[in-house]
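Please read the structure below before turning to the comments.
First listed ligand is number 1; within each ligand, the first listed atom is number 1.
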Amino acid sequence: MAQDHFDHTSQLDGVAIQAGDGPSVKSLIGEMISYSDSPGNERHRLSLLRLARALVQALETPRETVLRLCWAEPTLYGAIITAIDCGIFSTMGKNPDSPISVIQLSEATQTDPALLGRIMKHLAAMGVVQERAVDVYFPTSLSLTLALPKYADGFTCMAEGAMRAIYKLPAYFQSVGYRNPDDATAGPFQFAYGTSQHWFSWASDHPAVCQQFNNHMSAYHQGRPSWMDLDFYPVEEALLTGAKSDSDAVLLVDVGGGLGHDLAEFHRKHPFAPGRLIVQDKGDVIQPISGNLGKVEAMAHDFFTEQPIKGLTPIRSLLQLRDLTVPGARAYYLHSVLHDWPDHECHLILKRIAAAMTPGYSKLLINENVVPDLGADWQITGLDLMLMTLVSARERRENEWRQLLEMAGFRIVNIWSHVNGVESLIECQLA
Ligand SMILES: C[S@@+](CC[C@H](N)C(=O)[O-])C[C@H]1O[C@@H](n2cnc3c(N)ncnc32)[C@H](O)[C@@H]1O
């Protein structure tokens, strides 16, 4: 028995120091070559990226992977946030075509050159900046991007408002007997941060985190296929045709729409669409942007309360002696909102929208990930665990979406998808 254990352990020790999957290296490279002529083609780029990641896994030994995950990536995270905080990326971004020395950077950012030299070396080793000569660095696309607050804010927001809960996940699960979290005010976040507040209400009490989160939200969707584009959802036929065009008519209400970035994008892409565009969010999110959004109207609204943009049953106007029907919006739109909530709260949000909709006219458009049953992308699985950690919620599979929406009185008309379930558009009507 002891000998068996020894043999097994020494066999695994051997596995740990060999390439992860040496035999597949040749075929992976062969497959990559077939796409290499057109990396500008988005589908080819994504295939190449998938193969390149598989190639790294095939070449890296498990021992190397362990050290990368235990040492290099956690410290990289700390190094990036430090670089953001002391202005390294913004300084480098001012002269994107010039290399800069550690001494110059330390003078510009008022930091100790000995500290900066070490941070820059790790940033270079991990591909965030390029090392051009001894203690001389050059920006990469990534470091230039991190000079923009809306991208950098993803790091600072997660550092302050998420990391503690992520590190405490094992202790949380041990304490609850490894049950899936489903209480949005008593989950991993509350366990780690010692609060009973929901993450959104905690963020409202931490204005810097709240602002960073809203900026992060405005950036994370950029460059992804968007349902408003030509080859995704038929905006003209399905939404604009038949939409009321009188001056009060509302075309789209973006419920929980953050800073109004989606409606601004919609207006840019469909400038002649008739009707009003209204973004709704919590008061503290809406107040700073109110009046600054051009065509888009901002409205403070708690989505657990009655939806103010609602259809009214015909009412008799005493003055005009005719029936007046006030329709609800042509569409109520929820983007990355329902994935923030467990089923019970989603049900409440959906019921408020259903009550405001005009049957046969209003639609519900849900822009969310639909987790594929097989081969889900890391962007979806990573976000799923982040949602579990912060808000005891989740990304949903198609059958889970159908069940949730049917329970709330909706019928799914179609699920419009682009790549691997990432950001699908679920089109619904009242059942
Ligand atoms: C994940 S963000 C999505 C924002 C935006 N729809 C997007 O996709 O970029 C969720 C949004 O829900 C908002 N929110 C949270 N609780 C809310 C509530 N009770 N009423 C209205 N909005 C709320 C947050 O402020 C945040 O803007």
Side-chain angles (χ1 to χ4, degrees), residues 150-151 153-154 157-158 161-162 184-185 189 197-228 252-267 277-290 293 296-309 331-342 344-353 356 364-370 379-380 382-396 422-426:
K150 68 179 176 182
Y151 288 99
D153 279 356
C157 163
M158 291 296 123
T185 53
F189 174 76
Q197 280 182 297
H198 187 277
W199 190 85
F200 281 117
S201 113
W202 179 90
S204 293
D205 288 348
H206 295 76
V209 176
C210 193
Q211 191 187 351
Q212 289 157 359
F213 174 74
N214 289 328
N215 285 342
H216 180 44
M217 284 295 100
S218 73
Y220 102 101
H221 170 67
Q222 291 204 339
R224 283 179 156 187
S226 163
W227 65 270
M228 305 165 197
L252 272 172
V253 184
D254 186 356
V255 182
L259 303 181
H261 33 267
D262 281 14
L263 290 186
E265 180 188 345
F266 183 86
H267 183 52
L277 302 174
I278 299 178
V279 59
Q280 298 177 332
D281 209 290
K282 296 182 299 156
D284 59 306
V285 176
I286 288 297
Q287 194 262 331
I289 55 169
S290 226
L293 300 179
V296 177
E297 299 168 45
M299 177 184 283
H301 167 60
D302 175 349
F303 48 48
F304 290 109
T305 63
E306 183 180 346
Q307 171 56 248
I309 306 297
Y332 296 83
Y333 169 60
L334 290 164
H335 183 191
S336 302
V337 167
L338 297 177
H339 75 174
D340 288 339
W341 298 93
H344 173 69
E345 284 83 354
C346 286
H347 199 78
L348 300 177
I349 297 169
L350 288 167
K351 280 285 181 197
R352 293 296 191 184
I353 294 177
L364 171 65
L365 299 178
I366 298 174
N367 195 191
E368 291 265 9
N369 294 317
V370 178
Q379 294 184 60
I380 299 185
L383 184 53
D384 181 47
L385 293 198
M386 188 63 85
L387 294 166
M388 177 176 81
T389 306
L390 298 186
V391 286
S392 300
R394 67 176 189 275
E395 296 293 358
R396 293 178 168 86
V422 175
E423 300 259 302
S424 299
L425 191 74
I426 309 175

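Donor-acceptor pairing under 3.5 Å is lacking for the side chains of D153 and H216.
Only the side chain of F213 comes within 4.0 Å of ligand 1, counting heavy atoms alone; its backbone N, CA, C and O stay farther away. Residue contacts with ligand 1, taken as heavy atom pairs separated by less than 4.0 Å, involve D340 solely via side-chain atoms from C-beta onward.
Each of the atoms 20 (N), 21 (C) of ligand 1 lies under 4.0 Å from some heavy atom of H301. With ligand atoms numbered from 1 in the order given, ligand 1 contributes 19 (N) to contacts under 4.0 Å with heavy atoms of F304. In the vicinity of G258, heavy-atom distances shorter than 4.0 Å reach the ligand 1 atoms 27 (O). Listed by number with element, the atoms of ligand 1 under 4.0 angstrom from any heavy atom of V285 are 25 (O).
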Should V391 and H198 be marked as a side chain to side chain contact (heavy atoms under 4.5 Å, CB included) after you check the CA-CA gap, both sets of side-chain angles, and the distance that decides it? CA-CA 7 Å; V391 286; H198 187 277; 3.6 Å; yes
With side chain to side chain contact (heavy atoms under 4.5 Å, CB included) as the criterion, how do V285 and L259 come out once you've worked through the C-alpha distance, each side chain's angles and the decisive distance to 0.1 Å? CA-CA 7 Å; V285 176; L259 303 181; 4.2 Å; yes
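Look at H261 and you'll find a heavy atom under 4.0 Å from some atom of ligand 1. Using 4.0 Å as the threshold, H198 has no heavy atom nearer than that to any atom of ligand 1.
Between L338 and E368 the shortest side-chain heavy-atom distance falls below 4.5 Å.
How far CG of L348 is from CZ of F304: 6.5 Å, rounded to the nearest 0.5 Å. Within the model, atoms CD1 of I278 and CD of Q280 stand 7.0 Å from one another, a figure rounded to the nearest 0.5 Å. The structure places CD1 of I289 at 8.5 Å from CG of N214, a figure rounded to the nearest 0.5 Å. Interatomic distance, D254 CG to Y332 OH, rounded to the nearest 0.5 Å: 13.0 Å.
Residue F303 has at least one N or O atom closer than 3.5 Å to an N or O atom of ligand 1. Every N/O-N/O distance between D254 and ligand 1 stays at or above 3.5 Å. Checked by distance only, ligand 1 and D302 come closer than 3.5 Å through their nitrogen or oxygen atoms. For ligand 1, one of its N or O atoms has an N or O atom of H335 under 3.5 Å away. Inclusion of D281 in the set of residues having an N or O under 3.5 Å from an N or O of ligand 1 is warranted. Looking at ligand 1, you'll find an N or O of G256 within less than 3.5 Å of one of its N or O atoms.
Using a 30° and 60° split on the angle between ring planes, W199 and W202 fall in the tilted class, from 30° to 60°.
Screening S336, P225, S226 against E423 for a side chain to side chain contact (heavy atoms under 4.5 Å, CB included) leaves a single residue, S336.
For atom 2 (S) of ligand 1, the closest non-hydrogen atom on the protein side is M217 SD, 3.7 Å.
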